[in-house]
K.L.:
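Quick one: the structure is below, and I'll ask about it shortly.
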Amino acid sequence: MKKKNIIYRYLLVALVIMAFVSCSENIVSENTGNTEGKEYNIQIKTNIVSPVEDNLAEGSRAITAENETHISNLHLLAFNVSGKMVANGYVDYEALHIHNHSTFVYSLGVNNANQNLTVYGIANIDNKHLFDDHTITKQVFDSLYVKAEDAFSLVNGTYSIYKKGGEFLCEIKNQSSPILISPATPVHVEADNTTTATIQLVRQCAKVTINIDPREMKVHAYQLRHIPTIAYLRNNEENYADPEFSDVPTHFVENDEEAITGITYYVYENYNEANANIDAAKKRNYKNAAADASYLNIWTKYNSLQSDENNPDGIEMSSMYRVYLGGVNADDEQDITEFSVKRNHNYTYNVVLKGDGSADDRTVTGTMKPNIGDYLFNDGTWGKLVKITDKRWPVAVVFSNETTETDKNAGYFHGYAMALKNVHNGDAIGTYTWGPSTDNPDIPNIANNWTLLCADNNGLTNSQKINNPTYPAAYAATTTYESQEAAPVGTSGWFLGSTGMWFSLFRNIGGATGDPNNYWGWSTSITEAVRTKINNKLQVSSDESRYDLFELNTDIRYWTSTEYTGSYTYNTIVYSTSNLYFADYNGKTAVYRVRPFIAF
């Protein structure tokens, strides 16, 4: 195979500068600033100042979105020295048919002169009465945060605003323009009504642009992953709490474009620790990256030099390359040790791919459609087992090379595999209840029908809904097992398999034939043959600590993530020499084993 060289540059497009821009001006003459009955007015000039492009970085200019610096509405807030809100105003520029301006003048009324105030401007939150409650002090304002449910909500501009501690404030739906917010602006109110102030509005989010030059390969798909769904309204890095994360749906590339340019995302800030041990771009890989760093996965496809009778032109291969975001330090200089993404920055990454990636720690490779019975290895690659080393060993056996549409869109389109081991509790194999005997509304109930049960391949989706200690079996598969065998890079992470996945395992690895006919299993002499075939595949070495075999025992059952009713969930059992069930059911408080599954 040819060696792969991957080149990419971090090209920061610099921070906002505090200067006026050349633009037209609008005077809002109506009393939108609550000036009625107020003796003193502050004339506030509002500028939208975009990050400055780096003219010295060839090819680094980001594409400017139409709504990137657009104001649809504006809130003005003024706090006194004790932190009390003394004035607020709101203007809806869309309603006033004011468009395409970068500077506005706004009148904000206050009761008292000869006082020092701190003024803020916030654009593009379309709730007129959001700040009418003057119990929102500066301390409360500083801790307000926005939260989207997931990446879909971020794309649609739908999110909620909360106070510190999770107290709901309001919901914003389908806001097309990013939030713009000013730093704290000090103002002294003059008694002669000549008070003026200028505030500078900057983006709450960061802009990330990626250009891909695939060279000798074809880009198959790409996906932005692990992006925050929570961010403070104001920049509050000192009090930054761990946010929740989500993945943007996978984008599949059509027509085999030679190059992909201008992939643009707007993302919330994401602060992470730097890794001073990184001294080369190739070391910005999953082994060295910050745990909560955001990244882009790029999948390519190509034909290897190897061929067989079914692939005379070469076996179609897949290579996944990971680009970690960040790369800029506190002085806005390029720094490959950094993984933080800061608001109002433009980050541009030019990625050049050469060869197949087999020699690069940022890349994992394998056949585009893995063979049934291949192994998934700890480094994220897959294929036949050649030998086990201290750096590379098998962690799961591949039983399917087809995934659901949901899992494909989540970036897992090669197949499913089952772990070589059970979840353990110390040295012993662990046993766990499924959960409380109540219906989980997030998981669909599957009727006791073998056709429906063998079609349920939603193990990953189901497990994500119940990945918490209230559901011990799923939590053991997704979380406990991760500490025993880390999920390989590029995979979904471990989860509790569904009935359809167990069905495919018995069919594809165990060789079970015919239709299930007894409690959705097989009651024929094939059972022992199926168990033997699966165990032979699991027994990868003479080291018995690397695998757990399936036992023939009426009391040993394995939980699935498929729910039957509020009180019952399906389980799998090798019951006897003549009975094999992929979907028996029992009460959720019963105590059974857990065998993790994984998608890749």
Side-chain angles (χ1 to χ4, degrees), residues 21 23-38 41-50 65-79 85-110 117-136 140-141 144-148 153-163 168-183 185 187 195-205 231 233-234 266 344:
V21 294
C23 52
S24 59
E25 188 173 293
N26 271 298
I27 305 296
V28 180
S29 58
E30 66 173 0
N31 257 344
T32 53
N34 295 329
T35 57
E36 184 176 355
K38 303 293 180 66
N41 293 329
I42 307 171
Q43 294 295 317
I44 299 176
K45 189 173 185 179
T46 303
N47 285 321
I48 309 171
V49 185
S50 298
E66 183 178 350
N67 66 344
E68 188 177 47
T69 56
H70 178 69
I71 281 188
S72 59
N73 55 70
L74 179 69
H75 285 275
L76 267 295
L77 309 177
F79 298 95
M85 187 191 298
V86 296
N88 71 294
Y90 176 84
V91 60
D92 188 338
Y93 292 107
E94 298 286 1
L96 294 172
H97 304 290
I98 299 172
H99 305 290
N100 302 320
H101 293 281
S102 295
T103 302
F104 304 87
V105 175
Y106 187 92
S107 184
L108 188 66
V110 295
L117 302 179
T118 302
V119 176
Y120 294 94
I122 309 103
N124 303 329
I125 296 180
D126 61 357
N127 184 323
K128 178 178 181 179
H129 302 290
L130 177 62
F131 298 108
D132 285 353
D133 181 1
H134 283 206
T135 61
I136 297 180
V140 172
F141 176 69
L144 292 179
Y145 63 92
V146 296
K147 177 182 177 181
S153 298
L154 285 176
V155 171
N156 295 330
T158 297
Y159 52 89
S160 296
I161 301 178
Y162 293 87
K163 295 181 181 180
F168 176 80
L169 191 61
C170 76
E171 184 180 37
I172 307 297
K173 291 186 176 181
N174 303 319
Q175 179 67 49
S176 61
S177 302
I179 293 174
L180 304 172
I181 187 165
S182 73
T185 303
V187 174
T195 308
T196 62
T198 299
I199 60 174
Q200 311 285 339
L201 293 175
V202 297
R203 289 196 312 254
Q204 183 204 22
C205 56
L233 189 60
R234 286 195 61 220
Y266 296 90
N344 207 54

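For the single chain, residues carry numbers from 1 onward in sequence order. Computed from a predicted model, the values in this text were never measured in an experiment.
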K.L.:
Atom CD1 in I199, atom CG in L76: separation rounded to 0.5 Å?
P.N.:
5.0 Å
K.L.:
Tell me, do V146 and I172 make a side-chain contact under 4.5 Å, heavy atoms counted?
P.N.:
no
K.L.:
Grab the two heavy atoms, one from A78 and one from V119, that are nearest each other, plus how far apart they are.
P.N.:
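For A78 and V119, the tightest heavy-atom pair comes out as CB-CG2, 4.2 Å.
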K.L.:
What pair of heavy atoms forms the shortest contact from D132 to H129, and how long is it?
P.N.:
OD2-ND1, 2.7 Å
K.L.:
Side chains of F141 and L233: does their closest heavy-atom pair fall under 4.5 Å?
P.N.:
yes
K.L.:
Measure up the Y120 and F79 rings against each other and bin them: parallel (under 30°), tilted (30 to 60°), perpendicular (over 60°).
P.N.:
perpendicular
K.L.:
Return the minimal non-hydrogen interatomic distance between L108 and N88, and the atom names on each side.
P.N.:
CD1-C, 3.6 Å
K.L.:
With side chain to side chain contact (heavy atoms under 4.5 Å, CB included) as the test, would you mind laying out the steps for I44 and V187 before giving the verdict?
P.N.:
CA-CA 10 Å; I44 299 176; V187 174; over 6 Å; no
K.L.:
Quick one: are V140 and M85 in side-chain contact, heavy atoms under 4.5 Å?
P.N.:
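They are not in contact (no side-chain heavy atoms under 4.5 Å apart), so the answer is no.
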K.L.:
Any side-chain heavy atom of L74 sitting closer than 4.5 Å to one from L201?
P.N.:
yes
K.L.:
Mind checking side-chain contact (heavy atoms from CB on, under 4.5 Å) for S160 and listing every partner two or more places apart, or none if nothing turns up?
P.N.:
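Testing S160 for side-chain contact (heavy atoms from CB on, under 4.5 Å), a comparison that skips the adjacent residues, returns Y162, F168, E171.
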K.L.:
Mind listing the closest non-hydrogen atom pair of K128 and H75 along with its distance?
P.N.:
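Result for this residue pair: O-CE1, 3.6 Å.
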K.L.:
Taking atom types as modelled, is there a side-chain donor on S182 or Q200 under 3.5 Å from an acceptor on the other?
P.N.:
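Q200 and S182 do not have a side-chain donor-acceptor pair below 3.5 Å.
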K.L.:
Taking all heavy atoms of I122 and all of F131, pick out the closest pair and write down the distance.
P.N.:
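Distance-wise, the nearest heavy atoms are CD1-CE1, 4.3 Å.
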K.L.:
Should R203 and I179 count as side-chain neighbours, where that means a heavy-atom distance under 4.5 Å?
P.N.:
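Counting from C-beta outward, R203 and I179 never come under 4.5 Å.
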K.L.:
Please tell me if the side chains of T185 and T198 come closer than 4.5 Å, counting only heavy atoms from C-beta onward.
P.N.:
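Not in contact.
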K.L.:
Using the rule given for side chain to side chain contact (heavy atoms under 4.5 Å, CB included), can you reason through K163 versus L144, listing the C-alpha separation, both sets of side-chain angles and the distance that settles it, and then say yes or no?
P.N.:
CA-CA 5 Å; K163 295 181 181 180; L144 292 179; 3.8 Å; yes
K.L.:
Once rounded to the nearest 0.5 Å, what's the spacing between atom OG of S176 and atom CG of N156?
P.N.:
11.5 Å
K.L.:
For atom NZ of K173, decide whether the heavy atoms of other residues, nucleotides or ligands shown that lie under 6.0 angstrom number more than 12.
P.N.:
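At most 12 heavy atoms, drawn from other residues, nucleotides or ligands, come within 6.0 Å of this atom.
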K.L.:
Does a side-chain heavy-atom distance below 4.5 Å link Q175 with S72?
P.N.:
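Yes; the side chains approach each other to less than 4.5 Å.
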K.L.:
Check whether any side-chain heavy atom of Y159 lies under 4.5 Å from a side-chain heavy atom of I125, and answer yes or no.
P.N.:
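Yes. Closest side-chain heavy atoms under 4.5 Å.
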K.L.:
In Å and rounded to the nearest 0.5 Å, what is the CD1 to CG distance from I181 to N344?
P.N.:
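Nearest 0.5 Å value for the CD1-CG distance: 11.5 Å.
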K.L.:
How close do S177 and N124 get, counting heavy atoms only, and between which atoms?
P.N.:
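Taking S177 first and N124 second, the nearest heavy atoms are CB-ND2, 3.4 Å.
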